[in-house]
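A quick write-up on the structure given underneath.
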Amino acid sequence: MTALCQRERKQMDKIIIEGGGRLEGEVGISGSKNAALPIMAAMILTAGKNTINRVPQVLDVTTMLHLLDDLGGYTEEFEGGRIIFDSTDINNYEAPYELVSKMRASCLVLGPLLARLGKAKVSLPGGCAIGARPLDLHIRGLEAMGAKIRLEQGYIYGEAKRLRGVRYYFDTVSVTGTANLMMAATLADGETTLENVAKEPEIVFLANILNQCGAKIKGHGTDFLIIKGVQSLKPINCDILPDRIETGTYMIASAITSGNVKITNCLPQQVEALTMKLRQAGLIVEEAERSLRVISNGQFKGVDITTHPHPGFATDLQAQFMALMAIAEGQSIILETVFENRFMHAAELKRMGANITIQGRTAVVAGVKQLSGAPLMATDLRASASLVLAALAAKGQSKISRVYHIDRGYSAIEQKLYMLGAKIFREK
Ligand code: UD1
(Lines give C-alpha, C1' and ligand atoms only; values in the text may rest on other atoms or scores of the structure.)
Protein backbone atom coordinates (compact mmCIF):
# COMPACT_ATOMS: atom_id res chain seq x y z
CA MET A 1 0.00 0.00 0.00
CA THR A 2 1.38 3.43 -0.87
CA ALA A 3 2.05 6.06 1.79
CA LEU A 4 -0.77 8.11 0.37
CA CYS A 5 -3.27 5.24 0.55
CA GLN A 6 -2.18 4.57 4.13
CA ARG A 7 -2.74 8.19 4.97
CA GLU A 8 -6.20 8.19 3.41
CA ARG A 9 -7.15 5.15 5.48
CA LYS A 10 -5.72 6.68 8.62
CA GLN A 11 -7.75 9.84 8.07
CA MET A 12 -10.72 7.77 9.21
CA ASP A 13 -9.09 6.42 12.39
CA LYS A 14 -10.07 7.74 15.79
CA ILE A 15 -8.28 7.43 19.12
CA ILE A 16 -10.57 6.77 22.04
CA ILE A 17 -9.37 7.52 25.56
CA GLU A 18 -11.09 6.86 28.86
CA GLY A 19 -9.42 9.45 31.05
CA GLY A 20 -8.63 9.74 34.71
CA GLY A 21 -6.15 6.87 35.14
CA ARG A 22 -2.60 7.09 36.49
CA LEU A 23 0.31 6.24 34.18
CA GLU A 24 3.04 4.05 35.63
CA GLY A 25 5.94 2.02 34.31
CA GLU A 26 8.58 2.42 31.63
CA VAL A 27 8.42 3.74 28.11
CA GLY A 28 11.20 3.60 25.51
CA ILE A 29 11.77 6.55 23.19
CA SER A 30 11.97 6.04 19.42
CA GLY A 31 14.42 7.65 17.02
CA SER A 32 13.83 11.30 16.27
CA LYS A 33 11.60 12.12 13.31
CA ASN A 34 13.17 15.56 12.90
CA ALA A 35 16.65 14.03 12.88
CA ALA A 36 15.69 11.20 10.52
CA LEU A 37 14.12 13.38 7.81
CA PRO A 38 17.19 15.57 7.06
CA ILE A 39 19.49 12.54 7.26
CA MET A 40 17.27 10.80 4.72
CA ALA A 41 17.41 13.87 2.46
CA ALA A 42 21.19 13.90 2.87
CA MET A 43 21.33 10.45 1.23
CA ILE A 44 20.75 12.34 -2.06
CA LEU A 45 24.27 13.79 -1.64
CA THR A 46 25.78 10.31 -1.72
CA ALA A 47 25.97 7.62 -4.40
CA GLY A 48 25.86 4.16 -2.87
CA LYS A 49 24.22 2.07 -0.19
CA ASN A 50 23.14 4.03 2.90
CA THR A 51 22.10 2.39 6.18
CA ILE A 52 20.14 4.25 8.83
CA ASN A 53 19.13 2.55 12.07
CA ARG A 54 16.65 3.56 14.78
CA VAL A 55 14.39 5.27 12.28
CA PRO A 56 10.97 5.93 13.83
CA GLN A 57 8.03 4.09 12.25
CA VAL A 58 6.00 7.20 11.50
CA LEU A 59 4.11 8.41 8.46
CA ASP A 60 6.51 11.28 7.67
CA VAL A 61 9.39 8.81 7.29
CA THR A 62 7.29 6.73 4.88
CA THR A 63 6.46 9.87 2.91
CA MET A 64 10.15 10.84 2.68
CA LEU A 65 11.11 7.32 1.51
CA HIS A 66 8.38 7.47 -1.09
CA LEU A 67 9.80 10.78 -2.32
CA LEU A 68 13.38 9.43 -2.40
CA ASP A 69 12.24 6.38 -4.39
CA ASP A 70 10.46 8.73 -6.83
CA LEU A 71 13.76 10.57 -7.29
CA GLY A 72 15.31 7.38 -8.62
CA GLY A 73 16.74 5.86 -5.44
CA TYR A 74 15.92 2.36 -4.27
CA THR A 75 14.72 1.35 -0.80
CA GLU A 76 16.12 -2.13 -0.24
CA GLU A 77 14.81 -2.46 3.29
CA PHE A 78 12.55 -0.56 5.65
CA GLU A 79 11.80 -2.77 8.58
CA GLY A 80 12.29 -2.75 12.33
CA GLY A 81 13.56 0.81 12.24
CA ARG A 82 16.27 0.16 9.63
CA ILE A 83 16.46 1.77 6.24
CA ILE A 84 18.81 0.50 3.58
CA PHE A 85 18.66 2.84 0.65
CA ASP A 86 20.68 2.84 -2.56
CA SER A 87 21.15 6.39 -3.81
CA THR A 88 23.34 5.47 -6.82
CA ASP A 89 20.73 6.11 -9.51
CA ILE A 90 19.08 9.28 -8.24
CA ASN A 91 18.34 11.16 -11.45
CA ASN A 92 14.90 12.74 -11.10
CA TYR A 93 14.78 16.20 -9.59
CA GLU A 94 11.08 16.73 -8.93
CA ALA A 95 9.40 16.73 -5.51
CA PRO A 96 5.72 16.80 -6.48
CA TYR A 97 2.92 18.77 -4.82
CA GLU A 98 1.10 15.65 -3.61
CA LEU A 99 4.04 14.76 -1.33
CA VAL A 100 5.27 18.23 -0.30
CA SER A 101 1.74 19.35 0.60
CA LYS A 102 1.45 16.38 2.98
CA MET A 103 4.82 16.95 4.59
CA ARG A 104 6.56 20.31 4.60
CA ALA A 105 9.91 18.73 5.43
CA SER A 106 9.96 17.38 1.84
CA CYS A 107 11.52 20.78 1.07
CA LEU A 108 14.71 19.31 2.61
CA VAL A 109 15.48 17.72 -0.76
CA LEU A 110 15.90 21.13 -2.44
CA GLY A 111 19.51 21.83 -1.40
CA PRO A 112 20.73 18.23 -1.88
CA LEU A 113 19.14 17.96 -5.37
CA LEU A 114 20.77 21.19 -6.51
CA ALA A 115 24.11 20.05 -5.12
CA ARG A 116 23.92 16.56 -6.65
CA LEU A 117 22.07 17.04 -9.95
CA GLY A 118 22.40 20.78 -10.52
CA LYS A 119 18.62 20.94 -10.88
CA ALA A 120 15.57 20.83 -8.64
CA LYS A 121 11.83 21.24 -9.04
CA VAL A 122 10.21 21.27 -5.63
CA SER A 123 6.61 22.16 -4.91
CA LEU A 124 6.03 25.12 -2.61
CA PRO A 125 4.40 23.72 0.53
CA GLY A 126 1.89 26.54 1.01
CA GLY A 127 0.65 27.67 4.41
CA CYS A 128 0.03 25.16 7.13
CA ALA A 129 -2.08 24.97 10.26
CA ILE A 130 0.53 26.66 12.46
CA GLY A 131 1.51 29.57 10.25
CA ALA A 132 2.58 30.77 6.81
CA ARG A 133 5.98 29.03 7.06
CA PRO A 134 7.56 30.43 3.88
CA LEU A 135 10.77 29.09 2.29
CA ASP A 136 12.24 32.52 1.47
CA LEU A 137 15.33 31.97 3.61
CA HIS A 138 16.11 28.66 1.91
CA ILE A 139 15.63 30.22 -1.54
CA ARG A 140 17.67 33.36 -0.85
CA GLY A 141 20.53 31.28 0.52
CA LEU A 142 20.62 29.02 -2.53
CA GLU A 143 20.47 32.07 -4.82
CA ALA A 144 23.42 33.52 -2.94
CA MET A 145 25.23 30.25 -3.69
CA GLY A 146 24.72 30.87 -7.39
CA ALA A 147 21.51 28.93 -8.06
CA LYS A 148 19.07 30.44 -10.54
CA ILE A 149 15.69 30.12 -8.92
CA ARG A 150 12.25 30.90 -10.31
CA LEU A 151 8.83 30.29 -8.85
CA GLU A 152 6.27 29.08 -11.34
CA GLN A 153 2.91 27.34 -11.04
CA GLY A 154 3.43 26.60 -7.38
CA TYR A 155 6.90 25.13 -7.87
CA ILE A 156 10.44 26.23 -7.05
CA TYR A 157 12.65 25.61 -10.08
CA GLY A 158 16.35 25.73 -9.29
CA GLU A 159 19.40 25.35 -11.49
CA ALA A 160 23.12 25.60 -10.78
CA LYS A 161 26.06 24.05 -12.61
CA ARG A 162 27.89 23.90 -9.32
CA LEU A 163 26.90 25.81 -6.21
CA ARG A 164 29.59 28.09 -4.84
CA GLY A 165 30.64 28.93 -1.30
CA VAL A 166 29.23 32.19 0.16
CA ARG A 167 28.66 34.06 3.39
CA TYR A 168 24.94 34.03 4.23
CA TYR A 169 23.00 35.41 7.19
CA PHE A 170 19.63 33.97 8.22
CA ASP A 171 17.23 36.80 9.17
CA THR A 172 15.32 34.29 11.29
CA VAL A 173 16.67 31.09 12.78
CA SER A 174 15.32 28.30 10.60
CA VAL A 175 15.88 24.62 11.32
CA THR A 176 15.18 23.14 7.90
CA GLY A 177 16.66 26.28 6.29
CA THR A 178 19.94 25.60 8.09
CA ALA A 179 19.81 21.90 7.14
CA ASN A 180 19.08 22.66 3.48
CA LEU A 181 21.92 25.17 3.05
CA MET A 182 24.37 23.11 5.10
CA MET A 183 23.70 20.06 2.92
CA ALA A 184 23.97 22.10 -0.29
CA ALA A 185 27.25 23.66 0.87
CA THR A 186 28.93 20.29 1.51
CA LEU A 187 29.34 19.76 -2.26
CA ALA A 188 29.74 23.44 -3.25
CA ASP A 189 32.83 24.99 -4.73
CA GLY A 190 34.72 26.76 -1.92
CA GLU A 191 33.85 27.75 1.62
CA THR A 192 30.40 28.69 2.93
CA THR A 193 29.76 30.57 6.16
CA LEU A 194 26.21 30.47 7.48
CA GLU A 195 25.35 32.93 10.24
CA ASN A 196 22.49 32.90 12.75
CA VAL A 197 21.92 29.20 12.16
CA ALA A 198 19.79 26.75 14.13
CA LYS A 199 21.51 24.98 17.03
CA GLU A 200 18.93 22.22 17.42
CA PRO A 201 20.38 18.79 18.34
CA GLU A 202 19.08 17.50 15.00
CA ILE A 203 21.26 20.05 13.17
CA VAL A 204 24.34 19.14 15.22
CA PHE A 205 23.59 15.47 14.50
CA LEU A 206 23.25 16.10 10.76
CA ALA A 207 26.59 17.95 10.70
CA ASN A 208 28.31 15.13 12.58
CA ILE A 209 26.94 12.47 10.23
CA LEU A 210 27.85 14.50 7.13
CA ASN A 211 31.38 14.89 8.53
CA GLN A 212 31.57 11.11 8.97
CA CYS A 213 30.78 10.87 5.25
CA GLY A 214 33.66 13.18 4.36
CA ALA A 215 32.09 16.64 4.63
CA LYS A 216 34.07 19.47 6.23
CA ILE A 217 31.69 21.25 8.59
CA LYS A 218 32.72 23.25 11.64
CA GLY A 219 30.83 25.27 14.22
CA HIS A 220 27.71 23.09 14.60
CA GLY A 221 26.01 23.84 17.88
CA THR A 222 26.99 27.54 17.63
CA ASP A 223 25.48 30.45 15.69
CA PHE A 224 27.98 30.03 12.80
CA LEU A 225 28.62 27.16 10.43
CA ILE A 226 31.71 27.02 8.24
CA ILE A 227 31.52 24.44 5.48
CA LYS A 228 34.34 23.67 3.07
CA GLY A 229 32.94 22.10 -0.09
CA VAL A 230 34.21 18.65 -1.10
CA GLN A 231 33.87 16.71 -4.37
CA SER A 232 31.82 13.79 -3.05
CA LEU A 233 30.44 12.18 0.10
CA LYS A 234 30.51 8.56 1.18
CA PRO A 235 27.18 6.81 1.92
CA ILE A 236 25.63 7.32 5.34
CA ASN A 237 25.76 4.73 8.08
CA CYS A 238 24.24 5.91 11.37
CA ASP A 239 21.81 5.39 14.24
CA ILE A 240 19.24 8.15 14.66
CA LEU A 241 19.32 9.94 18.01
CA PRO A 242 16.32 9.70 20.39
CA ASP A 243 13.31 11.95 19.81
CA ARG A 244 13.38 14.82 22.30
CA ILE A 245 9.82 15.89 21.49
CA GLU A 246 8.50 12.39 22.11
CA THR A 247 10.56 12.36 25.33
CA GLY A 248 8.98 15.64 26.45
CA THR A 249 5.50 14.42 25.53
CA TYR A 250 5.85 11.35 27.80
CA MET A 251 7.31 13.52 30.57
CA ILE A 252 4.16 15.64 30.45
CA ALA A 253 2.00 12.51 30.18
CA SER A 254 3.37 11.36 33.53
CA ALA A 255 2.97 14.82 35.06
CA ILE A 256 -0.62 15.29 33.90
CA THR A 257 -1.85 11.85 35.08
CA SER A 258 -0.38 11.94 38.62
CA GLY A 259 1.96 9.37 37.17
CA ASN A 260 5.32 7.81 37.87
CA VAL A 261 6.89 7.05 34.51
CA LYS A 262 10.46 6.17 33.64
CA ILE A 263 11.40 7.31 30.17
CA THR A 264 14.26 5.26 28.77
CA ASN A 265 16.54 5.52 25.75
CA CYS A 266 16.44 9.30 25.79
CA LEU A 267 18.93 12.15 26.17
CA PRO A 268 17.92 14.21 29.24
CA GLN A 269 20.20 17.15 28.33
CA GLN A 270 18.07 17.74 25.22
CA VAL A 271 14.93 18.51 27.22
CA GLU A 272 16.47 20.66 29.94
CA ALA A 273 14.19 23.65 29.32
CA LEU A 274 11.15 21.43 29.91
CA THR A 275 12.70 19.71 32.93
CA MET A 276 13.32 23.09 34.51
CA LYS A 277 9.73 24.23 33.95
CA LEU A 278 8.29 20.97 35.31
CA ARG A 279 10.40 21.34 38.44
CA GLN A 280 9.36 24.97 38.76
CA ALA A 281 5.75 23.78 38.66
CA GLY A 282 6.50 21.47 41.60
CA LEU A 283 6.93 18.15 39.81
CA ILE A 284 9.75 15.70 40.47
CA VAL A 285 12.07 15.00 37.55
CA GLU A 286 14.91 12.54 38.14
CA GLU A 287 17.65 12.48 35.52
CA ALA A 288 20.09 9.68 34.71
CA GLU A 289 22.48 9.37 31.78
CA ARG A 290 19.98 8.01 29.26
CA SER A 291 16.72 8.03 31.18
CA LEU A 292 14.36 10.28 33.09
CA ARG A 293 11.64 9.71 35.63
CA VAL A 294 8.76 12.12 36.20
CA ILE A 295 6.80 11.74 39.40
CA SER A 296 3.58 13.63 40.01
CA ASN A 297 1.01 13.64 42.80
CA GLY A 298 -1.34 15.68 40.67
CA GLN A 299 -0.50 18.93 42.48
CA PHE A 300 1.43 21.44 40.39
CA LYS A 301 1.24 25.13 39.85
CA GLY A 302 1.01 27.33 36.79
CA VAL A 303 4.33 28.53 35.35
CA ASP A 304 5.03 30.77 32.37
CA ILE A 305 6.87 29.68 29.24
CA THR A 306 8.17 31.43 26.13
CA THR A 307 9.08 29.32 23.12
CA HIS A 308 12.43 29.92 21.44
CA PRO A 309 14.79 28.11 19.09
CA HIS A 310 16.99 25.55 20.87
CA PRO A 311 18.17 25.60 23.64
CA GLY A 312 15.03 27.56 24.57
CA PHE A 313 11.67 25.97 25.30
CA ALA A 314 10.72 24.02 22.14
CA THR A 315 7.69 25.25 20.23
CA ASP A 316 7.02 21.57 19.48
CA LEU A 317 6.26 21.06 23.21
CA GLN A 318 4.16 24.17 23.70
CA ALA A 319 0.80 22.53 22.96
CA GLN A 320 1.51 19.62 25.31
CA PHE A 321 2.62 22.01 28.06
CA MET A 322 -0.57 24.01 27.63
CA ALA A 323 -2.61 20.85 28.30
CA LEU A 324 -0.69 20.44 31.56
CA MET A 325 -1.18 24.08 32.55
CA ALA A 326 -4.92 23.72 31.89
CA ILE A 327 -5.21 21.78 35.17
CA ALA A 328 -2.44 23.52 37.14
CA GLU A 329 -3.06 25.53 40.26
CA GLY A 330 -3.10 29.20 39.28
CA GLN A 331 -2.24 30.94 36.05
CA SER A 332 0.26 30.35 33.29
CA ILE A 333 1.24 32.71 30.49
CA ILE A 334 2.42 31.03 27.32
CA LEU A 335 4.18 33.14 24.71
CA GLU A 336 4.74 31.55 21.29
CA THR A 337 7.53 33.39 19.48
CA VAL A 338 8.43 30.85 16.77
CA PHE A 339 5.14 30.44 14.85
CA GLU A 340 2.41 33.03 14.49
CA ASN A 341 -0.59 30.72 14.72
CA ARG A 342 0.27 27.85 16.97
CA PHE A 343 -2.67 27.84 19.39
CA MET A 344 -5.14 25.73 17.39
CA HIS A 345 -5.25 23.22 20.26
CA ALA A 346 -6.53 25.90 22.68
CA ALA A 347 -10.03 25.87 21.17
CA GLU A 348 -10.26 22.10 21.60
CA LEU A 349 -8.88 22.26 25.17
CA LYS A 350 -11.54 24.87 25.93
CA ARG A 351 -14.19 22.41 24.74
CA MET A 352 -12.89 20.13 27.50
CA GLY A 353 -13.42 22.85 30.10
CA ALA A 354 -10.03 24.61 30.03
CA ASN A 355 -9.97 28.33 30.73
CA ILE A 356 -7.68 29.82 28.07
CA THR A 357 -7.62 33.33 26.61
CA ILE A 358 -5.63 33.97 23.47
CA GLN A 359 -4.33 37.37 22.46
CA GLY A 360 -2.05 37.32 19.46
CA ARG A 361 0.92 35.16 20.34
CA THR A 362 0.05 34.99 24.04
CA ALA A 363 -2.17 32.47 25.78
CA VAL A 364 -3.30 33.03 29.34
CA VAL A 365 -4.23 29.73 30.94
CA ALA A 366 -6.12 29.81 34.22
CA GLY A 367 -5.92 26.31 35.68
CA VAL A 368 -9.18 24.46 36.36
CA LYS A 369 -9.69 21.50 38.74
CA GLN A 370 -10.56 19.01 36.05
CA LEU A 371 -11.11 18.67 32.32
CA SER A 372 -13.93 16.61 30.91
CA GLY A 373 -13.72 14.20 27.99
CA ALA A 374 -15.18 15.34 24.66
CA PRO A 375 -15.17 14.58 20.96
CA LEU A 376 -12.02 16.29 19.69
CA MET A 377 -10.37 17.08 16.41
CA ALA A 378 -6.60 17.02 15.85
CA THR A 379 -5.38 19.98 13.80
CA ASP A 380 -1.63 19.41 13.57
CA LEU A 381 0.98 17.00 14.84
CA ARG A 382 1.83 18.49 18.23
CA ALA A 383 -1.68 19.85 18.82
CA SER A 384 -2.95 16.28 18.55
CA ALA A 385 -0.44 15.15 21.19
CA SER A 386 -1.74 17.86 23.49
CA LEU A 387 -5.31 16.56 23.04
CA VAL A 388 -4.19 13.02 23.86
CA LEU A 389 -2.55 14.29 27.06
CA ALA A 390 -5.60 16.33 28.06
CA ALA A 391 -7.85 13.35 27.36
CA LEU A 392 -5.68 11.11 29.57
CA ALA A 393 -6.25 13.50 32.49
CA ALA A 394 -9.91 14.28 31.76
CA LYS A 395 -12.95 12.75 33.37
CA GLY A 396 -14.84 10.51 30.98
CA GLN A 397 -14.31 9.55 27.39
CA SER A 398 -12.68 11.51 24.58
CA LYS A 399 -12.76 10.55 20.93
CA ILE A 400 -10.04 12.18 18.86
CA SER A 401 -10.49 12.31 15.11
CA ARG A 402 -8.01 13.16 12.32
CA VAL A 403 -5.34 11.17 14.13
CA TYR A 404 -3.26 10.88 10.96
CA HIS A 405 -1.66 14.06 12.28
CA ILE A 406 -0.35 12.15 15.30
CA ASP A 407 0.74 9.21 13.13
CA ARG A 408 3.00 11.59 11.22
CA GLY A 409 5.33 11.92 14.18
CA TYR A 410 4.59 9.57 17.10
CA SER A 411 5.63 5.96 16.85
CA ALA A 412 3.09 3.48 18.33
CA ILE A 413 1.62 6.09 20.65
CA GLU A 414 -1.44 4.13 21.72
CA GLN A 415 0.59 0.95 22.36
CA LYS A 416 3.13 2.89 24.44
CA LEU A 417 0.45 4.64 26.49
CA TYR A 418 -1.51 1.40 26.88
CA MET A 419 1.59 -0.30 28.35
CA LEU A 420 1.73 2.53 30.90
CA GLY A 421 -1.84 1.78 31.95
CA ALA A 422 -3.82 4.20 29.81
CA LYS A 423 -7.26 3.17 28.65
CA ILE A 424 -6.69 3.98 25.03
CA PHE A 425 -7.56 2.30 21.77
CA ARG A 426 -7.85 3.06 18.12
CA GLU A 427 -11.09 2.80 16.23
CA LYS A 428 -10.30 1.95 12.61
C1 UD1 B 1 11.37 22.68 12.17
C2 UD1 B 1 10.81 21.41 12.74
C3 UD1 B 1 9.49 21.69 13.42
C4 UD1 B 1 9.65 22.79 14.47
C5 UD1 B 1 10.35 24.00 13.88
C6 UD1 B 1 10.71 25.03 14.94
C7 UD1 B 1 11.66 19.70 11.26
C8 UD1 B 1 11.38 18.71 10.17
N9 UD1 B 1 10.64 20.46 11.64
O10 UD1 B 1 10.45 23.18 11.21
O11 UD1 B 1 9.05 20.49 14.04
O12 UD1 B 1 8.38 23.19 14.94
O13 UD1 B 1 11.56 23.63 13.22
O14 UD1 B 1 11.49 24.45 15.93
O15 UD1 B 1 12.76 19.73 11.80
N16 UD1 B 1 10.73 30.96 8.39
C17 UD1 B 1 10.70 31.97 7.47
N18 UD1 B 1 11.30 31.76 6.25
C19 UD1 B 1 11.90 30.57 5.94
C20 UD1 B 1 11.94 29.56 6.91
C21 UD1 B 1 11.35 29.79 8.13
O22 UD1 B 1 10.16 33.05 7.72
O23 UD1 B 1 12.41 30.45 4.81
C24 UD1 B 1 10.10 31.18 9.72
C25 UD1 B 1 8.92 30.23 9.97
O26 UD1 B 1 7.73 30.70 9.40
C27 UD1 B 1 8.89 30.20 11.48
C28 UD1 B 1 10.37 30.32 11.86
O29 UD1 B 1 11.03 30.83 10.72
O30 UD1 B 1 8.17 31.29 11.97
C31 UD1 B 1 11.04 29.03 12.26
O32 UD1 B 1 10.73 28.03 11.30
P33 UD1 B 1 11.72 26.85 10.94
O34 UD1 B 1 12.78 26.71 11.97
O35 UD1 B 1 12.16 27.01 9.52
O36 UD1 B 1 10.75 25.60 11.03
P37 UD1 B 1 10.91 24.30 10.19
O38 UD1 B 1 12.34 24.10 9.86
O39 UD1 B 1 9.91 24.27 9.09
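Order of listing sets the numbers, starting from 1, for every ligand and every atom in it. Just so you know, residue 1 is the first one in the sequence shown, and it goes up from there. Worth knowing before you read on, the calculation uses all heavy atoms, side chains too, and leaves out hydrogens, waters and symmetry mates.
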Measuring from atom 38 (O) of ligand 1, which candidate in L108, V173, T176 has the nearest non-hydrogen atom?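 Considering heavy atoms of L108, V173, T176, the nearest to atom 38 (O) of ligand 1 sits in T176.
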As a check for students: among P125, P134, A105, S174, identify the option with a heavy atom nearest to atom 19 (C) of ligand 1.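 Of the listed residues, P134 has the closest heavy atom.
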Give the atoms of ligand 1, by number and element, whose distance to some non-hydrogen atom of [X] is under 4.0 Å.
X    : value
L135 : 23 (O)
T172 : 29 (O)
V175 : 1 (C), 13 (O), 15 (O), 33 (P), 34 (O), 35 (O), 38 (O)
L137 : 17 (C), 18 (N), 19 (C), 20 (C), 23 (O)
R342 : 12 (O)
H138 : 23 (O)

If you measure from each non-hydrogen atom of [X] to ligand 1, which part falls under 4.0 Å: side chain, backbone, both or neither?
X    : answer
T315 : side chain
D316 : side chain
M103 : neither

Is there a polar contact, in the sense of an N or O pair closer than 3.5 Å, between [X] and ligand 1?
X    : answer
F339 : no
N34  : yes
L37  : no

Crowding at [atom1], [X] (>12 non-hydrogen neighbours, <6.0 Å):
X    : atom1 : result
E152 : CD    : yes
F343 : CZ    : yes
K228 : NZ    : no

Could you go step by step and tell me if R104 and D60 meet the salt bridge (charged side-chain N to carboxylate O under 4.0 Å, His left out) rule? CA-CA 10 Å; R104 224 191 105 74; D60 275 8; over 6 Å; no
Apply salt bridge (charged side-chain N to carboxylate O under 4.0 Å, His left out) to residues E76 and K49 and explain how you reach the verdict. CA-CA 9 Å; E76 285 182 14; K49 203 174 272 193; 3.1 Å; yes
Would you call [X] and [Y] a salt bridge, taking side-chain N to carboxylate O under 4.0 Å as the test?
X    : Y    : result
R244 : E202 : yes
R426 : D407 : yes
K199 : D223 : yes

Tell me, with the steps shown, if Y418 and F425 meet ring pair (Phe, Tyr, Trp, His ring centres under 6.0 Å). CA-CA 8 Å; Y418 179 79; F425 68 96; 9.7 Å; no
Run the numbers on D171 and R140 for salt bridge (charged side-chain N to carboxylate O under 4.0 Å, His left out), then give the verdict. CA-CA 11 Å; D171 292 341; R140 259 187 268 147; 3.1 Å; yes
Any heavy atom of R104 closer to ligand 1 than 4.0 angstrom? yes
